[in-house]
Novice: 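Before I ask anything, let me first share the structure, which is written out below as structure tokens.
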Amino acid sequence: MTRAISLHHVSKAYTRGIRVVEGLSLDITPGEFLVLLGPSGCGKSTVLRMIAGLEEITEGELLLDGEYANDLSPSEREMAMVFQNFALYPNMTTRGNIGFPLRIESPGDDPGPRVDATARMLGIEDLLDRYPRQLSGGERQRVAMGRAIVREPSAFLMDEPLSNLDAKLRNHLRAEISTLTRKLGVTTVYVTHDQAEAMSLGDRVAVMRGGVLQQVGTPRSVYALPRNVFVAAFIGTPRINLLRGMVRAPLGGAMSISLGRQYMRLPEPLSLDHQMLRVQQGREVIVGLRSEAVRIARPAAARPGEVPITGLVEHLEFQGHEVLVHFNTGSQPAVVPDLEAPYPTRTVRRRRREGSVLNRIRERAGALRAGPVVVLDHPHGVEPGLPAPVVEESRLPGDLVVRTTPDFELRQGMQVPLLVDLAHLFVFDQHGDRVSPAPDRRPDLNE
Ligand code: ADP
Ligand code: MG
């Protein structure tokens with residue numbers, strides 16, 4: 001029996017007044033695989049533990065199959081949890097470990113047949129008589145999974161179950177978890193801070209930040225239509241390019257978005273999405289360009305909906321099948337707070353400090369090399385009659401990362417023509433909320 005899990009305006013405060021989860025509402029359908037995704041410390045584990053009954057709900061309601069469940073004990077909820085640190089009993093074999101929950105539940109019954117069936121499902125029949133120390137990390141995690149599924153729970157709750165494993169094994173087990181949970185058809189809530197894991201596993205992904213749900217939807221929809229700049233930046237690799245821009249709509253003139261000294265003129269008649277930008281006129285906005293929204297090509301090669309800009313090659317990242325080109329377009333990267341852990345560890349703090357020194361050096365080097373930032377060599381860059389954009393130009397190197405095939409002969413210091421596909425342009429307002437494409441557009445992608 002699999003469960004519908006609903007959270008209605010759920011909040012959690014460990015210490016009085018400080019809410020680490022705030023007003024969370026989420027409806028998880030029976031059999032669904034839902035991923036809770038967000039940076040470390042955003043409250044994911046707390047949510048999972050409230051669903052499991054290991055943490056009290058401060059405010060709001062938990063419903064299991066529509067029934068009020070706040071006060072049910074963990075065992076009454078009949079859910080199985082799998083943690084990052086899957087603790088197996090060292091003095092028990094695989095058989096003993098998997099059978100353990102059954103022996104607790106009904107001491108008189110022989111757990112044998114169900115243990116065997118579970119081991120078969122996980123492909124670990126050969127390991128039944130081994131002790132944990134005789135198993136590899138991946139095998140141990142499979143045994144832990146076995147212990148979770150042997151009771152035929154009504155839901156699986158998994159808290160970063162793969163994060164202690166090496167990358168190859170992680171990918172392998174990721175596929176196994178996906179196959180297994182779908183075969184069993186059991187509702188699964190899976191917590192991770194790894195967006196790639198979330199995107200590959202989830203039927204839907206719920207993105208959290210600072211205890212607050214930002215967006216929930218299919219992997220496709222949160223990628224294609226992020227509700228705000230945080231979701232846009234958290235999901236996708238390479239990370240979306242976020243540049244500070246300014247919407248200009250002079251009387252009788254074409255609407256454009258400036259990026260530092262350059263600007264992208266929006267084609268007339270304005271699309272519905274671009275019409276939404278009128279209210280942003282004269283305001284600073286954040287322009288979001290995923291790497292697939294920009295290609296290296298001359299203005300003459302522009303297809304409908306593409307506009308030219310230029311970029312100076314700052315840095316090339318060779319990746320075999322593709323190259324990531326870091327361009328300086330003379331615009332300023334937008335800063336998104338909270339992308340990292342709110343309470344940085346000492347190493348992170350040290351790295352950040354080093355990073356900033358390194359950036360300053362690179363900045364200076366970039367400024368020396370590049371001279372006056374970007375030399376605009378095509379007519380779309382400078383339009384007579386318009387006042388200079390207010391957005392300050394910057395000398396930060398590599399503000400725009402573009403993916404290309406390795407056949408392009410690019411070198412550092414080259415000035416390269418780029419085409420931006422306006423169909424893939426995101427614009428966020430000063431609060432970070434998406435204004436274009438318009439929030440209610442493309443309902444097919446909104447969940
Ligand atoms: P995540 O799993 O997303 O990393 P957690 O749910 O573990 O985040 O934690 C969310 C916030 O709640 C953090 O700020 C954390 O320090 C705090 N927190 C977690 N558990 C406790 C606790 N038992 N007592 C007090 N604060 C806690
Ligand atoms: Mg956690």
Side-chain angles (χ1 to χ4, degrees), residues 5-26 28 33-62 70 73-74 77 79-87 141 144-145 148 155-165 170 173-174 177 188-202 204-217 219 222 226-228 230-231 233-235 336-349 351-352:
I5 302 171
S6 294
L7 298 156
H8 287 173
H9 309 290
V10 166
S11 298
K12 174 72 185 179
Y14 287 108
T15 6
R16 269 175 71 93
I18 306 168
R19 293 176 178 216
V20 297
V21 174
E22 174 92 56
L24 177 69
S25 293
L26 200 54
I28 306 165
F33 196 118
L34 182 109
V35 179
L36 281 177
L37 172 69
S40 160
C42 74
K44 307 178 296 291
S45 296
T46 301
V47 172
L48 205 69
R49 292 170 61 81
M50 287 193 287
I51 296 174
L54 301 173
E55 236 18 286
E56 214 176 293
I57 294 172
T58 311
E59 240 174 66
E61 288 185 340
L62 169 74
N70 287 40
S73 71
R77 300 182 193 202
M79 296 175 176
M81 266 192 104
V82 183
F83 298 98
Q84 177 177 344
N85 304 308
F86 37 96
Q141 185 61 317
M145 288 283 297
F156 290 129
L157 307 176
M158 305 195 188
D159 196 347
E160 316 230 10
L162 304 182
S163 51
N164 277 354
L165 306 171
R170 207 156 56 217
L173 283 177
R174 196 195 279 176
I177 288 181
T188 304
V189 186
Y190 187 103
V191 161
T192 182
H193 65 273
D194 177 343
Q195 60 91 24
E197 194 164 291
M199 299 295 270
S200 72
L201 275 174
R204 284 189 305 157
V205 176
V207 186
M208 290 182 67
R209 170 205 203 179
V212 178
L213 182 66
Q214 305 291 300
Q215 184 168 3
V216 53
V222 288
R227 185 163 293 161
N228 58 35
F230 175 81
V231 176
F234 203 78
I235 287 175
V336 185
D338 285 6
L339 266 187
E340 289 175 70
Y343 307 109
T345 61
R346 197 179 294 176
T347 9
V348 173
R349 253 182 276 150
R351 258 191 238 131
R352 270 194 201 159

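Count residues from 1 along the sequence. Indexing begins at 1, ligand by ligand and atom by atom, following the structure's order.
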Novice: Enumerate the atoms of ligand 1 whose separation from the nearest heavy atom of Val20 is less than 4.0 angstrom.
Specialist: 11 (C), 12 (O)

Novice: Name the one of Arg204, Gln195, Met199 that satisfies side chain to side chain contact (heavy atoms under 4.5 Å, CB included) with Val222?
Specialist: Met199

Novice: Taking distance alone, with N or O pairs closer than 3.5 Å, would you say Lys44 contacts ligand 1?
Specialist: yes

Novice: Could you tell me, atom by atom, which parts of ligand 1 come under 4.0 Å of a heavy atom of Thr46?
Specialist: 5 (P), 6 (O), 9 (O), 10 (C)

Novice: If you define the side chain from C-beta out and look only at heavy atoms, does anything of Leu162 sit under 4.5 Å from Ile177?
Specialist: yes

Novice: Which option, Gly211, Gly210, Ser45, Gly41, owns the non-hydrogen atom nearest atom 10 (C) of ligand 1?
Specialist: Gly41

Novice: In the structure I gave you, are the side-chain heavy atoms of Leu26 and Val47 within less than 4.5 Å of one another anywhere?
Specialist: no

Novice: Can you spot which of His9, Arg19, Lys12 makes a side-chain hydrogen bond (donor to acceptor under 3.5 Å, both in side chains) with Glu59?
Specialist: Arg19

Novice: Does the side chain of Leu54 come within less than 4.5 Å of Pro74's, by heavy atoms?
Specialist: yes

Novice: When rounded to the nearest 0.5 angstrom, what is the spacing between CD1 in Ile57 and CG in Leu7?
Specialist: 7.0 Å

Novice: I'd like to check which ligand 1 atoms, numbered from 1 as shown, lie under 4.0 Å from a non-hydrogen atom of Ser40.
Specialist: 4 (O)

Novice: Report the protein N/O/S neighbours of the Mg ion (ligand 2) that fall below 2.8 Å; do not count waters.
Specialist: Ser45 OG

Novice: In chain order, what residues pass the salt bridge (charged side-chain N to carboxylate O under 4.0 Å, His left out) check against Glu197, with sequence neighbours excluded?
Specialist: none

Novice: Do His193 and Glu160 meet the criterion of a side-chain donor-acceptor pair at a distance under 3.5 Å?
Specialist: yes

